[in-house]
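Since the model is a prediction, treat every value here as computed from it, not as a measurement.
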Amino acid sequence: MKNAAPSLNRLVSLDKDFKSRKDYEQCLEAHQQTLLQIQQALFRTNERAIVVFEGPDASGKGGVIRRATQWLDPRGFRVHAVGAPRAEEQGRHYLWRFFQHLPPPGRIAIFDRSWYGRVLVERVEELTEESAWRRAYREIKEFERWLIDDGVRLCKVYLSIDRKEQDRRFEERLSNPRKYWKLTEEDIRNRLRWDDYSAAADEMFQETHTKKAPWHLIDGRHKWRTRVHVLGLLCDVLSEGLDIEPPSVDPELLRAARIELGLDLEDSLPETSSSSKS
């Protein structure tokens with residue numbers, strides 16, 4: 001039996017509010033520190049993680065990704081901004097290009113849009129036949145099952161905004177020279193098919209929300225609350241069953257430091273729990 005899938009008519013309520021920017025930044029930094037510990041733990045255990053972001057134009061995907069990766073070691077993650085397939089990708093199975101970007105052991109892959117384009121933009125813009133995008137629901141669920149069965153930690157996030165908020169953000173981009181580049185004619189054209197995209201998103205949730213790979217539908221209208229909520233969600237999902245506490249220092253490293261460098265650090269090191277000595 002399927003879990004109840006989220007719907008654009010039932011957004012997650014973000015009740016966290018902030019008294020000031022300082023309050024917001026302190027909450028954000030606490031999650032960023034935890035994400036760094038998660039990244040380090042994934043590296044130590046050779047585990048992999050994939051985070052998928054979907055949502056309408058100007059829903060805040062880029063802003064959330066920037067905050068989520070701000071403290072991370074750049075060697076340990078890749079962000080893939082997914083657009084139209086390149087020439088060498090056309091004519092192949094649509095999932096082929098995503099296989100090229102799966103993370104190696106100890107790394108994180110973040111997709112700013114993803115394989116769900118098959119059942120969103122390709123469906124709405126009639127870039128593929130109905131039989132193909134309907135078949136994609138089964139293919140995508142199988143693809144994600146393969147990933148999870150192979151040990152990948154997967155988190156799927158959909159940021160939702162309403163038309164009024166999208167219009168406000170479009171206007172902001174047009175009035176700010178540093179944000180012109182974010183808005184394209186394609187964004188305006190997509191706005192005209194809002195209802196079609198909403199219907200496609202709701203069906204996508206119904207067909208691809210599973211127990212092992214659920215959708216997390218987040219209200220994206222309030223940027224501060226959205227960012228803190230999503231980073232907290234990533235911390236919860238990616239750390240499940242993972243020991244993120246820093247391990248104790250290798251005794252051989254201490255011995256080398258004492259002999260070769262003349263340092264005696266043992267007395268100054270913090271105590272570590274036995275659970276972290278793995």
Side-chain angles (χ1 to χ4, degrees), residues 2 4-12 50-65 79-87 89-98 101 110-144 154 156-171 173-174 181-210 213-221 226:
K2 287 185 179 180
S7 167
L8 291 177
N9 295 322
R10 300 194 304 275
L11 293 179
V12 172
I50 293 176
V51 181
V52 170
F53 284 97
E54 291 286 353
D57 299 317
S59 58
K61 298 183 293 298
V64 169
I65 291 171
V79 176
H80 305 285
V82 177
R86 298 189 298 270
E89 296 167 339
Q90 295 175 4
R92 300 177 184 266
H93 192 279
Y94 69 97
L95 288 175
W96 179 84
R97 61 172 170 158
F98 299 105
H101 299 311
I110 300 172
F111 288 89
D112 182 352
R113 300 195 188 278
S114 66
W115 43 90
Y116 283 98
R118 187 68 160 187
V119 295
L120 290 172
V121 64
E122 291 187 34
R123 166 186 173 170
V124 174
E125 302 298 333
E126 300 180 353
L127 299 175
T128 190
E129 296 180 356
E130 181 175 351
S131 60
W133 62 256
R134 287 203 177 277
R135 186 177 67 248
Y137 292 134
R138 173 176 52 81
E139 295 168 339
I140 286 171
K141 284 188 290 186
E142 282 294 291
F143 175 56
E144 292 175 351
L154 176 64
K156 302 188 300 189
V157 179
Y158 189 97
L159 299 182
S160 180
I161 55 176
D162 55 29
R163 293 184 182 187
K164 182 178 179 180
E165 179 61 17
Q166 188 184 60
D167 288 348
R168 189 191 68 77
R169 294 183 185 184
F170 280 1
E171 183 178 0
R173 291 178 177 185
L174 284 172
W181 65 272
K182 289 187 173 184
L183 192 62
T184 67
E185 290 185 24
E186 183 179 352
D187 296 334
I188 303 298
R189 187 169 63 252
N190 291 345
R191 169 66 175 78
L192 299 177
R193 304 198 66 174
W194 181 278
D195 291 339
D196 294 331
Y197 275 101
S198 296
D202 267 332
E203 186 169 343
M204 175 187 76
F205 300 142
Q206 291 292 330
E207 295 292 337
T208 62
H209 176 82
T210 65
W215 274 106
H216 301 276
L217 176 54
I218 309 299
D219 185 346
R221 292 174 295 178
T226 299

Query raised in the report: Are the side chains of Leu154 and Val52 in touch, meaning some heavy atoms are under 4.5 Å apart?
Result: yes
Query raised in the report: Which residues satisfy the salt bridge (charged side-chain N to carboxylate O under 4.0 Å, His left out) test with Asp162, sequence neighbours excluded?
Result: Arg221
**Report entry** Listed partners of His80 passing ring pair (Phe, Tyr, Trp, His ring centres under 6.0 Å), at least two apart
**Finding:** His101, Phe111
**Report entry** Check: Phe143 ring centre within less than 6.0 Å of Phe98 ring centre
**Finding:** no
Query raised in the report: Who passes side-chain hydrogen bond (donor to acceptor under 3.5 Å, both in side chains) against Ser114, sequence neighbours left out?
Result: Glu54
Query raised in the report: Looking at side-chain heavy atoms only, is the closest gap between Ile65 and Asp112 below 4.5 Å?
Result: yes
Requested in this report: Check Ala5 against Phe205 and note the closest heavy-atom contact, atom names and distance.
Outcome: CB-O, 3.4 Å
Report task. Name all residues meeting the side chain to side chain contact (heavy atoms under 4.5 Å, CB included) criterion together with Leu174; count only those two or more places apart in sequence or in a different chain, and write none if there are none. Result -> Leu183
Requested in this report: Would you indicate whether Glu126, at its atom CD, is surrounded by more than 12 heavy atoms from other residues, nucleotides or ligands within a distance under 6.0 Å?
Outcome: no
Query raised in the report: What residues, two or more places apart in sequence or in another chain, satisfy salt bridge (charged side-chain N to carboxylate O under 4.0 Å, His left out) together with Asp167?
Result: Arg191
Query - side chain to side chain contact (heavy atoms under 4.5 Å, CB included) involving Arg193 - partner list, sequence neighbours excluded - result: Val124, Glu125, Asp196, Tyr197
Query raised in the report: Which residues pass the side-chain hydrogen bond (donor to acceptor under 3.5 Å, both in side chains) test with Glu142, sequence neighbours left out?
Result: Arg145
Query - With Glu89 via side chain to side chain contact (heavy atoms under 4.5 Å, CB included) - residues at least two apart - result: Pro85, Arg86, Trp96, Arg97
Report summary line: Hits for side-chain hydrogen bond (donor to acceptor under 3.5 Å, both in side chains) against Arg113, two or more places apart or cross-chain, chain-then-number order -> Asp57
Query - Which atom of Pro56 lies closest to which atom of Ile161, heavy atoms considered - result: CG-CG1, 3.9 Å
Report summary line: Glu144 meets the side-chain hydrogen bond (donor to acceptor under 3.5 Å, both in side chains) criterion, sequence neighbours left out, with Trp115, Tyr116, Lys156
Report summary line: By salt bridge (charged side-chain N to carboxylate O under 4.0 Å, His left out), Glu165 pairs with (sequence neighbours left out) Arg168, Arg169
Report task. Check side chain to side chain contact (heavy atoms under 4.5 Å, CB included) between Glu203 and all other residues, then give those that pass, not counting sequence neighbours. Result -> Arg123, Trp133, Arg134, Tyr137, Glu207
**Report entry** Donor on one side chain, acceptor on other, Glu122 and Tyr94, under 3.5 Å
**Finding:** no
